[in-house]
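Here the structure comes first, spelled out in structure tokens, and everything after it is commentary.
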Amino acid sequence: MNAEGVAEQRRDKLSAEMYWAMLPVEDWLEECIPGGPLPSNIQLQPFSVEWNKQEGDMYMGLLQGFEGLFKAVGGEDDFFVRITDSHPDTIAQGSVDTGDLNSLKPDLAVYERTLAAELATKVPSTRRRHKGKTQGPLQSAVDPDVAPVPEIIEPELTNVSDATTSDAAAAPSTPPAAPSKGRTVWALAEFFIEVKNDSSMSPFSFDPKDPEGYPLPQGSKHIFSRGQIIEYGNEIFSRQHRTFVVIISVYCNYARFIRLDRIGATISQPFDYVAHPTIFALFIYRYTRMSPEERGFDPTSARASDADTAMFRALAGKYPALAKAATPGWPIHQLTINAPWITAEKRVAAARGDIACSPRKFLVGRPAYRSHSMSGRGTRGFVAWDVTQRTVVFIKDYWRADIPGLYLTEYETYLKLWESPDSDMFIPTLLGGGDVVLNTGGKRQLTLTDTFFTEPTLPGRVHTRLVLKEVCRPLTYFKESRELVSVLYDALRAHKRAWEDCQILHRDISVGNILIYDAEGPSGPKAIGLLADWDLARTKEQVEHPVASLITRSGTWQFISGALLNYPNKPHLLSDDLESVYHILNWCALKYLPHNLTQKPASLAAFMNMHYDLVHLDASDAVGSIETEKFYKVADGAAFIRGLSEDHPFEILRSALAELFKRHYKEAKLRMPIQRFTITAEPRYADLVSPWAGSTMGNLPLDSHALIMDEFLRVLNLPQEQWPAITKLADQAPRALPSSTSIGFKRSIGEPYTSTSARKSVPSKGTPEP
């Protein structure tokens, strides 16, 4: 797939994941940018924008119009605008599909007027092409936003994102007059403006005759443009510590406001900004008078001082785990986490809530991991420096579903798991954390978009941080086949103890949730598997007595059991988690071990797409029946991977697991055509009309851990000399990636929501993660 196809696929997915709420313009401003009225003495100049020519011809008129507004409301000393369509960020990260090269370039961006921002956005004054402007034979047929190798101009300042007041000695005391063009700097952008003048490319409908009409046109180009806006917002969330991001979408002489959070987007109805410049003026007037927190910046995060930044970068030389966090150009932030801090002696007291909260400070840089979905948990993992304890720790930063009293939070789940007397739990050690609470009255950081949905209601999200002791390798960093098998066995040990001792089922076993911890042992480092990310876990009571309204497929798509995918509303059982381990083993082998498709990358990519990504939807089915090739492979006991030596322990294990799951499917009568599960108001197993009819729950092969763990242990007990080395290869299917969106609390596919509220029309397309 070429770069354009990859970008289209990525942006289609981003658009499909979102919930969309629409408000009248005055309501959007009141809810999203609250403040006082526009003073009557402010003199406004109308926007003069050439929208009847090429898209690039609009940029200067918009820049001058917004600069005029900032000046009119007294904000020109606080913020500045740049045309950024030709100059991408030069600092590493970008989207998952472009590796370390960030080719994203919004049309215009607004920055806070600081010396750091002035220096970072500065570009050489050379002729550059406008996106969409015809320039004869030099014009590329490829959209610069998705071009595989965009033009990069190295900044004059090597480490632009670290520029602070210490740069003042080397810079003029007064920055020069701002030019019109500037570089995209995601770490410093306040908000951006995305422009279209082609109706086929507009992300939204802009019909002045029907401002309350459905705003989401469904053509492929419209969807691509919506995904583009979401991708830009997600990039700001990735680079900064934000609670929400504001965007302005412009089409010719019309515009819409957009507010993105981890539920979705709240958009305004369209308005004519040329005929009614006071709308933009009121927005800018209020924005310039807001605090950073009111503009969407997390007040528990602050840019680190020069001294702390230098210390953090120096620590990366001593602690290799900090190397990625200290990536040059990435800003270093100080997080303040106010929480009860847990030691081994205080775990019981923590579970009772008997430990008082106290603040600790942590330094973080580039995340070790980040979700590439805008809506949902938005998980970021930071290798951090604990300033108080002077040690390296791991911080999981995400937005959990806010459903008070219904399920245990991940924090509560960890406390319950660590109540077990067994010291070898094979799970990360929780040091502290919980919901992010502001100093002002104990207020939590919550999403807003969900509050505009009245029928049906959506669970909101609350910002959460967990501080964990162990800094681990991802599972995909396993060194050889035996280590992979051993780490998966450790994860099964953790899963068994959680289920049998604590009555907790994980429900999201995936390649990203099993970690490798290199523990120091008497004979050197030993790789230990840890089962992490318990935010979708449920108690045994909740598994056996599911709540009818919240029955859902749960997990990371590629590793969800075939049974769950093929049987709508099937309860998530122990056997489904165990099947996920089997899929992880096959998925890792296909990507990193030699097999019959190793020399056939196109065939391998197609195979992995067919068995781990592709679904067949029954369009006539309101529930959304799903058929997957994965289901039939498991039911038939067919091999997902071929070409390994039959007498190698890895192949012996794979073959035994295939037969075990085949037997389970057969005894559970899972080979018949897809059937429904019906759930009563107070469901029990007996109330489920299912393929299990006639079988006794608890007697199936995978209704306990015993058989699958026996197979793992059988090969792990073989002496090392019976494990011939299998060379681990570089990733053979780099496009085959686990979803960063885990599934849960999702409605039927393709059914838009419409609010019954007369004030708020709430259309929606897509399904976010839990």
Under the 3.5 angstrom rule, does the side chain of Arg259 hit a backbone N or O of Cys32 as a donor-acceptor pair? no
Pair His241 and Phe382, ring centroids less than 6.0 Å apart: yes
Which pair of non-hydrogen atoms, one from Glu520 and one from Pro525, has the smallest distance, and what is that distance? OE2-CG, 4.0 Å
Does the side chain of Glu470 come under 3.5 Å of the side chain of Thr429 through a donor N or O and an acceptor N or O? yes
Quick one: does Arg295's side chain have a donor or acceptor within less than 3.5 Å of a partner on Tyr287's backbone? no
Identify the two heavy atoms, one from Val383 and one from Phe312, that lie closest to each other, and give their separation to 0.1 Å. O-CZ, 4.3 Å
Thr243 and Gln445: side chain donor to acceptor below 3.5 Å: no
Report yes or no: does Arg183 contribute a side-chain atom to a donor-acceptor pair with the main-chain N or O of Thr84 at less than 3.5 Å? no
With heavy-atom distances below 4.5 Å as the criterion, would you say the side chains of Asp490 and Ile514 are in contact? no
Are side-chain N/O atoms of Asp298 and Ser301 paired as donor and acceptor at under 3.5 Å? no
Determine yes or no for a side-chain-to-main-chain donor-acceptor pair under 3.5 angstrom, with His506 supplying the side chain and Ala532 the backbone. yes
Compute the centroid of each ring, for Phe191 and then for Phe283, and state whether the two points are separated by less than 6.0 Å. yes
Is Asn513 reaching over with its side chain to a backbone N or O of Asp508, donor-acceptor style, under 3.5 angstrom? yes
Geometric class of the Trp385/Tyr319 ring pair [parallel <30°, tilted 30-60°, perpendicular >60°]: tilted
Judged by atom type as modelled, is there a donor-acceptor pair below 3.5 Å linking the side chain of Ser238 to the main-chain atoms of Asn234? no
Distance-only donor-acceptor check, side chains Thr449 and Thr266, under 3.5 Å: yes
Trp28 and Val246 have their tightest heavy-atom pair at CH2-CG1, 4.2 Å
Return the minimal non-hydrogen interatomic distance between Gly381 and Phe394, and the atom names on each side. CA-CZ, 3.5 Å
Tyr398 ring centre to Arg377 NZ or CZ under 6.0 Å, with the angle to the axis within 45°? no
Between Thr556 (side chain only) and Phe559 (backbone N and O only), is there a donor and an acceptor less than 3.5 Å apart? no
Using modelled atom types only, decide if a donor and an acceptor are shared between the side chain of Tyr369 and the backbone of Gly512 within a distance under 3.5 Å. no
How are the rings of Tyr232 and Trp186 set to each other: parallel, tilted or perpendicular (split at 30° and 60°)? tilted
Heavy-atom donor-acceptor pair, Ser375 side chain to Glu17 backbone, under 3.5 Å: yes
Using the salt bridge (charged side-chain N to carboxylate O under 4.0 Å, His left out) rule, pick out the option among Lys416, Lys396, Arg465, Arg507 that qualifies with Glu410. Lys396
Give a yes/no verdict on a cation-pi contact between Arg370 and Phe237, requiring under 6.0 Å between NZ or CZ and the six-membered ring centre and an angle within 45° of the axis. no
Give me the atom names and distance for the closest heavy-atom approach of Pro474 to Ile516. O-CD1, 3.7 Å
Please confirm whether the backbone N or O of Ala519 pairs with a side-chain atom of Lys526, one donor and one acceptor, at under 3.5 Å? no
So which atom in Ala537 and which in Ile504 form the shortest heavy-atom distance, rounded to 0.1 Å? CB-CG2, 3.8 Å
